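Fair warning: this is a prediction, and the values are worked out from it, not measured in the lab.
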Amino acid sequence: MNLESPKVTLDKSTEDTFNFLSDVKNFEKLMPENISKFEVLDADKFLFALKGMPEIVLKKKEATPNSKIVLGAAGGKLDFSLTADITEVDATKSDVKLTFSGEFNAMMAMMIKGPISKFIETLSTNMSSAF
């Protein structure tokens, strides 16, 4: 299953955007209002929970300076990744698109598609005001 957020244009350079997203503690600023828990576990890993959902641990798996950051599930029953693709618009603007990818059975995919779509859309929308 692959889900994409709308592309968001930020008034920040690709370097500033990359540096912001590279620091996992900044993801707390991007979370939806219904977050019930957020905890930084180490420099590359954080745990979060939304009301009514299980806790999820994300770990930074890959980082390509100024263009891409990949977060992946760290343990748990679900294997998925959340990728932020950063592209330069000009020296002071960048575009960011989030992509959620995971392998799920049909029943699980049907149950999580709506909440995950809304979640990544909220993350991308909140980037505009987060920094």
**OP:** Check whether any side-chain N or O of Asp95 sits under 3.5 Å from a backbone N or O of Lys7 as a donor-acceptor pair, and report yes or no.
**Re:** no
Original post:
For the hydrophobic clusters of this structure (ILVMFWY residues joined by side-chain heavy atoms under 4.5 Å, transitively), does one cluster hold both Leu58 and Met1?
Top reply: yes
Original post:
So with a 6.0 Å cut-off around CG of Asp79, is the heavy-atom count from everything else above 12?
Top reply: no
Original post:
What do you reckon, is NZ of Lys59 surrounded by more than 12 foreign heavy atoms closer than 6.0 Å?
Top reply: yes
List, one per line, each side-chain donor-acceptor pair under 3.5 Å for residues 98-110, sequence neighbours excluded.
{"unit_1": "Ser101", "atom_1": "OG", "unit_2": "Asn2", "atom_2": "OD1", "d": "2.7"}
{"unit_1": "Asn105", "atom_1": "OD1", "unit_2": "Met107", "atom_2": "N", "d": "3.2"}
{"unit_1": "Asn105", "atom_1": "OD1", "unit_2": "Met108", "atom_2": "N", "d": "2.7"}

Original post:
With a 4.5 Å heavy-atom cut-off, do Lys97 and Ser124 have their side chains touching?
Top reply: no
Original post:
Any idea which heavy atoms bring Leu123 and Leu30 closest together, and the distance?
Top reply: CD2-O, 3.3 Å
**OP:** Starting at OG of Ser67, measure out to CD of Glu88 and round the result to the nearest 0.5 Å.
**Re:** 11.0 Å
Original post:
For the residue pair Ala43 and Val24, what are the closest heavy atoms and their distance?
Top reply: O-CG2, 3.5 Å
Original post:
Going only through I, L, V, M, F, W and Y residues with side-chain contacts under 4.5 Å, is there a path from Met53 to Leu82?
Top reply: yes
Original post:
How many angstroms lie between atom OG of Ser36 and atom CZ of Phe38, to the nearest 0.5 angstrom?
Top reply: 12.5 Å
Subject >> Gap separating the CG atom of Asp90 from the CG atom of Asp11, nearest 0.5 angstrom >> reply: 9.0 Å
Original post:
Do Asn126 and Lys29 pass the side chain to side chain contact (heavy atoms under 4.5 Å, CB included) test, and can you show the C-alpha distance, the side-chain angles, and the key distance before you say yes or no?
Top reply: CA-CA 8 Å; Asn126 289 348; Lys29 299 172 186 169; over 6 Å; no
**OP:** Applying side chain to side chain contact (heavy atoms under 4.5 Å, CB included), run through Phe27 and Val40 and close with a yes or a no.
**Re:** CA-CA 10 Å; Phe27 276 83; Val40 174; over 6 Å; no
**OP:** Taking all heavy atoms of Phe20 and all of Ala130, pick out the closest pair and write down the distance.
**Re:** CZ-CB, 3.8 Å
**OP:** Nearest 0.5 Å please: distance from the CG atom of Leu50 over to the CE atom of Met31.
**Re:** 7.0 Å
**OP:** For residues Phe46 and Leu71, report the shortest heavy-atom separation together with the two atoms involved.
**Re:** CE2-CD1, 4.1 Å
Subject >> For Met111 against Pro115, the heavy-atom pair lying closest together >> reply: O-CD, 3.5 Å
Subject >> Counterpart residues, ring-ring contact (aromatic ring centres under 6.0 Å, His included), relative to Phe119 (two or more places apart) >> reply: Phe48
Original post:
Do Ile116 and Phe80 share a hydrophobic cluster (ILVMFWY, side-chain heavy atoms under 4.5 Å, transitive)?
Top reply: yes
Original post:
Are any of the side-chain heavy atoms of Leu10 and Asp16 separated by less than 4.5 Å?
Top reply: no
Subject >> Side-chain cluster (under 4.5 Å, hydrophobic types only) that Leu47 belongs to, other residues >> reply: Leu41, Val57
Subject >> Separation of Lys45 NZ from Lys61 NZ (nearest 0.5 Å) >> reply: 9.0 Å
Subject >> Nearest-0.5 Å distance, CD of residue Glu28 to CG of residue Asp23 >> reply: 11.5 Å
Original post:
Is it the case that one hydrophobic cluster holds both Val70 and Leu3, taking links as side-chain heavy atoms less than 4.5 Å apart, direct or via other members?
Top reply: no
Subject >> Heavy-atom pair with the smallest gap, counting every atom of Phe18 and Ala63 >> reply: CZ-CB, 3.9 Å
Original post:
Counting distance only, does the side-chain N/O of Thr14 pair as donor-acceptor with the main-chain N or O of Ser94 below 3.5 Å?
Top reply: no
